[in-house]
Every structure is written in structure tokens, then in C-alpha cells.
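These notes concern the structure reproduced below.
All values below were derived from every heavy atom in this structure, side-chain atoms included, with hydrogens, water molecules and symmetry-related copies excluded.
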Amino acid sequence: MNYGPDERSVFETAATDLYEELVGSAGLDAQDPRIQEGGSAAGPFALLQDIGLVTFDESEDRWVPVDPSIVQSRVVSPLGQQGAELIAESAQWAKAFQGLTHAWRRSPEALRGPFTELRGSAIGAHITSVVADAAEELLTAQPQTNRAMQHLPDVVVERDRAALRRGVSMRTLYQHAARRSAATVNYVAAVTAEGAQVRTLDEFFNRLIVVDRRIAIIPGREHNSALVVREPSVIAYLADIFDRSWERARPFTNKDTSVVRDIAAEQRAMTIRMLIGGHADPSGAARLGVSPRTYAGYVSELKQEFEVDSRFQLGYEMGRRGITGRDVPSGEGLGPAPDPGF
């Protein structure tokens, strides 16, 4: 018999209670009405019989319990074997589909349209597929949110490492706030060990993946959607934006005091630009890649620096001094370094 979720649910509740009763009373009378056909415990008792957790003692005319450790392998081992067979079979199906995918991408039908919209789970599957097909270069821009920083799936790390081991060059941009994410630091350590380059920037364009400068993936207009771009001119434009941002970015692995100070200055300048632009705290926090609480801390530091009590006074004082958030020379590092705890 194949045991599934329905049988396990009965086993964990009514059947377990009945088994514990049998153990406590050294068995159950064979004539007990509860285990007869139509009885209140007939179903759970039948499951215990089928699994082999009870056996009939003819001399006592009773059903007695059996040691579960003897029976467990009969149930668990076949399930484990079945699971292993399903995993192997799924791998073979994936391999078979991969051949079809390559054939599709070479066909005129696949190249008919320059744009394809993806939704939901199809996005991750398509990204994995095109990265697996990368032959020369991967460009990725990953604006971080506080939530996204908490976890990077192992499959993403292995996917990117596999590409690097095939000789694909990889450049990745994050926001400065990503330097405080343990998950991102671990990811960067894994991919840079394979030859990837990672830098951070105060702010840049939205999420972007460019594969071999022939396919680009950008966010769609609606939530949880993405647009696959194959139009060469658009891809060249996106890659150019990436390259310009890359030149302004700072190496992720550089921990020099001067770099940390410069990053703090750039985050301070960005906060000023968000305030001058009238952005609400959630918007400003998102564009810096930090939590609203951390962003509020940046604003509080500015109020202390300019010796004011309110945001209105802060705006007035910055205006009076001609502060724009774009006038901090690189390397001067005005303002304190960010708190390592955020």
C-alpha cells in the first residue's frame, strides 16, 4: 500500500491514540465493538493492521501492539526510494526539455518578437534557463530591499558559480546597503572566489540582467512580472547604462577606511536628495536599499548635524546653505560612517 498525506493524518491522530491505548492496556479485546466494522475506531485500527503495528494473539483472543522500530522501515524506506526515483526522473525530464529549449531559441518563431512578458514563477525559471545558456558575459543589477537581503537561495549561488566555471564573466551591482547583509556578503564571497566582480553604488537603475548582450530581463509594469528584451538597440542602451554605473561604483570587497567613509558620504548625499525631492520615508528608504527605521536614523543625524529640530527647519537650513546633495566631492566622506548594526 502507498501511504500518503491522508493516511499520515489519520496515523498521527486517531491511530496513534488507539495504539497508545493498546500499549497501556497490553492489547485490545478482539471483540471490542469500536474496532468492528462500522465502529468508531474501525478506520484507525485497520490502518494499524495494514502497517503492521498490531498482531493477533490467538491464545488470548486479543490484538497486541508491535514495536514501531521494527515496522518503521516498511513504511519509510519505500517512500524514500520513491522520492529518489521521482527526483532522478525529474532530472531526466529537465534534460529532455533543455534540448527542446535550445532548438526553440534557434528557431525563427522564438525570434519573432523582441519582447516577452513573464509572470510569477515563470520569471525565476526563465532566468535560470538563460543564465545556464550564457556563453560570454552576465551583467546584473540588484537593488536591494531590507527583506530581499535576508536570504539568497542556494540555487542562485550554484547557478552563478556554474556559469563562472564555464568561463562566463560576471559583473554585479548592488546598493551600498548590501554591504551590511550577511547573506549578500556570503554570496559575494562565493562568486568572487570564482572570478566574479561585484561593486556597490548609492543608487542606480532598477533590477536588470543582461546575458551575452543579446537578452535582457527587466521588471514589468505590474507587480511580479518581468519583460524579456531581445531588441539589440534596447539591450545596447541598457548595457551602456550599466557600464556607466559600474564606473562610478566601488568594489564590494574593498574595506579601506577611506572607502567606508566615502560610502557614508554618498548615502548622506542621497538622503539629502530624497528630502529635497520631497520623497516620503518609505520611498527614500527603498531607493537607498535600507529599512524605513534606518532611513529615519539618517534624517535624524542630518537634523543633529544642522542643529535643527524639525524637517521643515532642516529643509530651510540646507536651502540657506545651498546644500543640494550633489556637492560632496568624492573622497571627503562628510558625515559619520553608517552603523554596522543596521
Side-chain angles (χ1 to χ4, degrees), residues 1-98 118-129 132 145-162 181-184 186-187 190 223-225 291:
M1 178 178 177
N2 290 326
Y3 300 104
D6 292 340
E7 289 78 17
R8 179 173 49 78
S9 177
V10 175
F11 182 79
E12 290 175 331
T13 54
T16 296
D17 292 341
L18 183 59
Y19 179 83
E20 290 176 351
E21 181 184 336
L22 265 74
V23 171
S25 57
L28 188 66
D29 191 286
Q31 307 308 317
D32 191 309
R34 292 177 299 164
I35 64 174
Q36 306 305 316
E37 185 176 354
S40 60
F45 181 73
L47 181 60
L48 291 177
Q49 279 184 290
D50 190 78
I51 292 175
L53 280 169
V54 293
T55 187
F56 185 64
D57 185 343
E58 294 184 0
S59 63
E60 297 287 339
D61 194 30
R62 295 173 66 81
W63 289 97
V64 294
V66 175
D67 184 353
S69 63
I70 299 175
V71 180
Q72 178 178 341
S73 61
R74 299 182 206 164
V75 177
V76 177
S77 296
L79 289 172
Q81 179 63 31
Q82 184 181 13
E85 291 173 355
L86 287 172
I87 291 173
E89 184 65 19
S90 69
Q92 292 300 317
W93 274 101
K95 185 177 180 180
F97 268 102
Q98 188 174 25
L118 302 174
R119 294 180 181 275
S121 60
I123 300 172
H126 188 79
I127 291 174
T128 298
S129 177
T145 64
N146 210 41
R147 180 179 175 185
M149 287 183 189
Q150 302 304 317
H151 180 63
L152 278 170
D154 291 340
V155 66
V156 172
V157 179
E158 290 308 313
R159 178 195 71 195
D160 294 348
R161 291 176 68 182
S181 162
T184 306
N186 291 337
Y187 166 81
H223 174 69
N224 203 22
S225 68
S291 69

[X] (side chain) donor-acceptor with [Y] (main chain) under 3.5 angstrom:
{"X": "Glu85", "Y": "Gly80", "answer": "no"}
{"X": "Thr16", "Y": "Phe11", "answer": "yes"}
{"X": "Asn186", "Y": "Ala182", "answer": "yes"}

Practice item. Please lay out, stage by stage, how Ile127 and Arg159 fare under the test side chain to side chain contact (heavy atoms under 4.5 Å, CB included). Key: CA-CA 10 Å; Ile127 291 174; Arg159 178 195 71 195; 3.4 Å; yes
Exercise for review: Scan Leu18, Val66, Leu22, Ile35 and name whichever one has a side chain to side chain contact (heavy atoms under 4.5 Å, CB included) with Val54.
Suggested key: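 The residue from Leu18, Val66, Leu22, Ile35 that satisfies side chain to side chain contact (heavy atoms under 4.5 Å, CB included) with Val54 turns out to be Leu22.
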**Study point:** For Leu48, the option from Val71, Leu53, Val10 that meets side chain to side chain contact (heavy atoms under 4.5 Å, CB included)
**Key:** Leu53
Starting at [atom1] of [X], measure out to [atom2] of [Y] and round the result to the nearest 0.5 Å.
{"X": "Thr128", "Y": "Asp160", "atom1": "OG1", "atom2": "CG", "value": "9.0 Å"}
{"X": "Ile51", "Y": "Gln72", "atom1": "CD1", "atom2": "CD", "value": "11.0 Å"}
{"X": "Thr55", "Y": "Trp63", "atom1": "OG1", "atom2": "CH2", "value": "7.0 Å"}
{"X": "Arg8", "Y": "Thr13", "atom1": "CZ", "atom2": "OG1", "value": "10.5 Å"}
{"X": "Arg161", "Y": "Tyr187", "atom1": "CZ", "atom2": "OH", "value": "11.0 Å"}
{"X": "Leu86", "Y": "Gln81", "atom1": "CG", "atom2": "CD", "value": "10.0 Å"}

Review point. Would a 4.5 Å heavy-atom cut-off, applied to side chains only, mark Leu28 and Arg34 as touching?
Key: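 Of all side-chain heavy-atom pairs linking Arg34 with Leu28, at least one is under 4.5 Å.
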Check your understanding: Are any non-hydrogen side-chain atoms of Phe56 and Val64 less than 4.5 angstrom apart?
Key ->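 Counting from C-beta outward, Phe56 and Val64 never come under 4.5 Å.
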Check your understanding: Can you tell me if CD on Gln49 sees more than 12 non-hydrogen neighbours from other groups inside 6.0 Å?
Key ->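 Check passes, neighbour count above 12.
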Testing the basics here: between [X] and [Y], what is the closest heavy-atom pair and its distance to 0.1 Å?
{"X": "Ile70", "Y": "Ser73", "value": "O-OG, 3.9 Å"}
{"X": "Asp61", "Y": "Gln31", "value": "OD2-NE2, 3.7 Å"}
{"X": "Gln36", "Y": "Asp32", "value": "NE2-O, 3.1 Å"}

